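Order of the sequence lines fixes the chain letters, A, B, ..., with proteins taken first and strands second; residue numbering starts at 1 for each chain. Remember, it's a predicted structure, so these values are computed and weren't measured experimentally.
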Amino acid sequence: MRLRFAPSPTGALHIGSVRTTIYNYLFARQRDGALILRIEDTDQDRLVAGAIDSIYDGLHWLGITWNEGPQEGGPHAPYVQSERLPLYQRHAQELIDKGAAYYCFCSKERLAALRAEQEARHELTRYDRHCRNIPPDEAAERAKTEPHVIRLKVPDEGTLAIEDLVHGHIEWQASTIEDQVILKSDGFPTYHLAVVIDDHEMGITHIMRGEEWMASVPKHLLIYRAFGWDVPPMAHVPSVLGPDGKKLSKRHGSTAVSQFRDDGYLPEALINYLALIGWSPGTEDEIFSMDDLIRVWKIEQVQSAGGKWDKDRLDYFNGVWIRKLSVDELVRRLEPFVPAEWDREVLRKIAPHIQERMKTLKDAQDQIRFLFTDDIGYDRSALIPKKSNAMTTTEALARARAVLSPLEPFIATVIEPPLVSLAAELNWSKKDLAGTIRMAITGRQVGPPLYQSLEVLGKEKSLRRIEAAQDMLAGVRA
RNA sequence: GGCCCGGUCGCCUAGUGGUCCAGGGCGCUUCCCUUUCAAGGAAGAGGUCAGGGGUUCGAAUCCCCUCCGGGCUACCA
């Protein structure tokens, strides 16, 4: 069993192609098969520098591994199509020799004009086979000096069909297919020629790819047939759609895996969420690690309809996976998301208290900033509860400071009782007292639990900030 | 326009002729818990299974038509 995924280095690793890659990975791993990474860079004009690195980075981050590839090597190296040109050219020649393909000398201008005419007459826009009947000898001779492409010689009649693993029986009439260019004038193959040759040469046993490739299947079938090769089983998996129902793309916002990493998403969450677009276990379980997926995922359960991308649902899964992390692991994952100068010991102490309050790792920073800087600026009015005023609040803060200052050890369980009693004495609700103190020490209305926050902040700083709040209310400080 | 693929609550989906006056999750509403926010618990709103014809004792599930959506229609992948 050999599966492949074949991205084009035309940009950052895309979230949609990741979903398809995950399926390939699962299929290969659950059957002890091999996974091959092949770079399809036959379009010279669309190459983007650094794209291959970004593909590698993204895949590594997700924990997807493979057996053969450009950097890994393997029995069918090279795994980059631009390094396999002679192979395609040789095979294109073979197709010509077999009469399954022909040289075409039409200029791009003629093709454009032809197209314009057809459009004007509301006819089908396709190649008119102008060069199809040039005698082979003459064509071969002209090919030595004239610029040319090689086109597939599509038969006039016949039916082409596959039994798709996802969609079942699909068929096409040969008459509806164009004489597709398979070798471009720059000597590079088009996708159609290159995939068929590589999938065959590399011993790919199952082709799983996005459904946008379905329309080109009949062309591939013709090429397989011309070479006399067996056609491997194919599975065309549904697309990941944007909110507007169209195939997810940059238009819908960033689709780069690296963006999700930078935004504080866990690879576990992304994989879990993505796997569920287009696949369902048929049970009510929905939290799956990659290993779980390898166990339960089945190609038979893959949907035939596309599914829309839903950020809220991704956020939910991210929260689930963040909560599953051990504290040590959470701290480790938080590392890139907090300033280097922040004390890691303090981070570790507060981590358990913000763990269930994060949608993304990025959320942590704002919630715990007060522990690492004294610059927590807030408005004096924010200190005063609705039913209170500056004077009573100042009083409350003074009393709180008095109550807190002798406490030893300064830990949450010791801090709570006296503050609860104080609230009662002041005839304040616990909520109001806690809210005022929270604002005084954190500068925010929401955050980790107050008593734990005081503990982690430490007695000295806590008292100092409460005093500062008092002064602010009393007008001592602006 | 042509070819192909789709169409179950706002979204992801379960469902493969009866146990479905359609189940779960996200989101939303309400309540509980509660020092905030979350998390957690409970309840609820939300679907004429795109529409119309068949087949059948019986259809979301099978067939046909229509409508709608998407993909492809490049010397792009």
Side-chain angles (χ1 to χ4, degrees), chain A residues 6-10 40-46 104 106 108 111 115 118-119 122-127 147-151 164 166-167 170-173 175-178 180-192 194-195 210-218 236 238-239 241 243-247 273 276-287 301 303-317 319-320 323 353-359 363 367 416 419-420 423 429-435 437-439 442 444-453:
Chain A
S8 291
T10 53
E40 309 212 322
D41 61 344
T42 55
D43 186 350
Q44 292 286 281
D45 299 332
R46 297 206 313 158
C104 171
C106 293
K108 290 191 178 169
L111 260 18
R115 176 183 208 79
Q118 290 170 331
E119 271 169 10
H122 298 290
E123 288 174 2
L124 242 43
T125 54
R126 60 157 131 171
Y127 183 57
H148 61 274
V149 300
I150 292 178
R151 285 182 184 272
D164 189 89
V166 172
H167 296 274
I170 311 173
E171 67 175 43
W172 299 262
Q173 295 306 313
S175 57
T176 63
I177 298 154
E178 180 172 36
Q180 181 66 229
V181 170
I182 55 175
L183 196 77
K184 306 184 241 185
S185 55
D186 62 0
F188 277 67
T190 57
Y191 171 81
H192 310 291
V195 247
E211 67 178 351
E212 64 269 27
W213 294 113
M214 240 182 312
S216 53
V217 167
H236 289 89
S239 305
L241 278 16
D244 58 358
K246 296 192 197 313
K247 206 169 64 169
Y273 168 68
L276 257 11
I277 299 182
W279 170 81
S280 159
T283 65
E284 286 177 0
D285 301 326
E286 58 172 10
I287 303 302
Q301 296 169 151
Q303 280 252 316
S304 45
K308 286 178 187 163
W309 174 264
D310 178 4
K311 176 81 157 34
D312 282 337
R313 193 161 148 83
L314 202 219
D315 284 346
Y316 161 75
F317 279 101
V320 168
R323 272 171 253 131
H353 304 114
I354 55 171
Q355 186 158 22
E356 60 194 30
R357 274 161 253 267
M358 285 187 282
K359 273 215 274 277
D363 293 339
Q367 293 179 18
E416 178 168 6
L419 284 183
V420 170
S429 66
K430 277 198 287 182
K431 197 169 175 166
D432 283 348
L433 215 216
I437 299 176
R438 165 174 286 106
M439 183 55 70
T442 72
R444 307 177 87 233
Q445 283 180 316
V446 300
L450 180 65
Y451 310 126
Q452 279 81 1
S453 295

Open item on the list: Applying a 4.0 Å non-hydrogen cut-off, can you work out what A/Phe317 is touching in the nucleic acid: base, sugar-phosphate, or nothing?
Closed with: nothing

- [ ] Would you indicate what A/His167 reaches in the nucleic acid, counting non-hydrogen atoms under 4.0 angstrom: base, sugar-phosphate, or nothing?
- [x] sugar-phosphate

Task: C1' spacing across the pair B/rA74 / B/rC11, given as an integer number of angstrom - done: 35 Å

TODO: Could you tell me which nucleotide pairs with B/rU48 by Watson-Crick or G-U wobble geometry, both distances under 3.5 Å, or answer none if nothing does?
DONE: none

Open item on the list: Can you measure A/Leu111 atom CG to B/rU73 atom C1' for me and round it to whole angstrom units?
Closed with: 14 Å

Open item on the list: Within the 4.0 Å heavy-atom criterion, would you say A/Glu123 contacts the bases, only the backbone, or no part of the nucleic acid?
Closed with: nothing

Task: A/Ala305, nearest nucleotide to its side chain (from B/rA77, B/rG7, B/rC4) - done: B/rG7

TODO: Would you mind pulling out the nucleotide paired to B/rC76, Watson-Crick or G-U wobble, both distances under 3.5 Å?
DONE: none

- [ ] When you get a sec, tell me which of B/rG1, B/rG70, B/rC26 is the closest nucleotide to the side chain of A/Lys246?
- [x] B/rG70

Open item on the list: Reading RNA chain B from 5' onward, which residue's closest nucleotide shows up sooner: A/His122 or A/Thr190?
Closed with: A/His122

Open item on the list: Here's one to test your reading of the geometry: is the NZ or CZ of A/Arg151 within 45 degrees of the ring axis of A/Tyr127 and under 6.0 Å from its centre?
Closed with: yes

TODO: Give the nucleotide from the list B/rG71, B/rG40, B/rA14 with an atom nearest to the side chain of A/Gln303.
DONE: B/rA14

TODO: Look at all strands and tell whether A/Ser280 reaches a base, only sugar-phosphate, or nothing, counting heavy atoms closer than 4.0 Å.
DONE: sugar-phosphate

Open item on the list: Would you say A/Glu211 and A/Ser239 are linked by a side-chain donor-acceptor pair, where the criterion is simply a distance under 3.5 Å?
Closed with: yes

- [ ] Using a 4.0 Å heavy-atom cut-off across all strands, classify A/Thr10 as base, sugar-phosphate, or nothing.
- [x] nothing

Open item on the list: If I pick the C1' atom on B/rA59 and the same atom on B/rC31, what distance separates them, to the nearest angstrom?
Closed with: 40 Å

Task: Distance between P atoms of B/rU61 and B/rG15 (Å, rounded) - done: 15 Å

- [ ] Using the closest heavy atom to pick a nucleotide of RNA chain B for each, name whichever of A/Trp279 or A/Pro189 lands nearer the 5' end.
- [x] A/Trp279

Task: Selected nucleotide, minimal atom distance to A/Arg46 side chain, candidates B/rC75, B/rC4, B/rC76 - done: B/rC76

Open item on the list: Between B/rA60 and B/rG52, how far apart are the two P atoms, rounded to whole Å?
Closed with: 12 Å

- [ ] Return the nearest nucleotide to the side chain of A/Pro449; candidates are B/rU35, B/rC75, B/rC37.
- [x] B/rU35

Open item on the list: For B/rC3, does the base pair up with any side-chain atom of A/Thr176 as donor and acceptor (N or O, under 3.5 Å, distance only)?
Closed with: no

- [ ] Would you mind pulling out the nucleotide paired to B/rU61, Watson-Crick or G-U wobble, both distances under 3.5 Å?
- [x] none

TODO: May I ask which nucleotide in the shown strands pairs with B/rC68, Watson-Crick or G-U wobble, both distances under 3.5 Å?
DONE: B/rG6

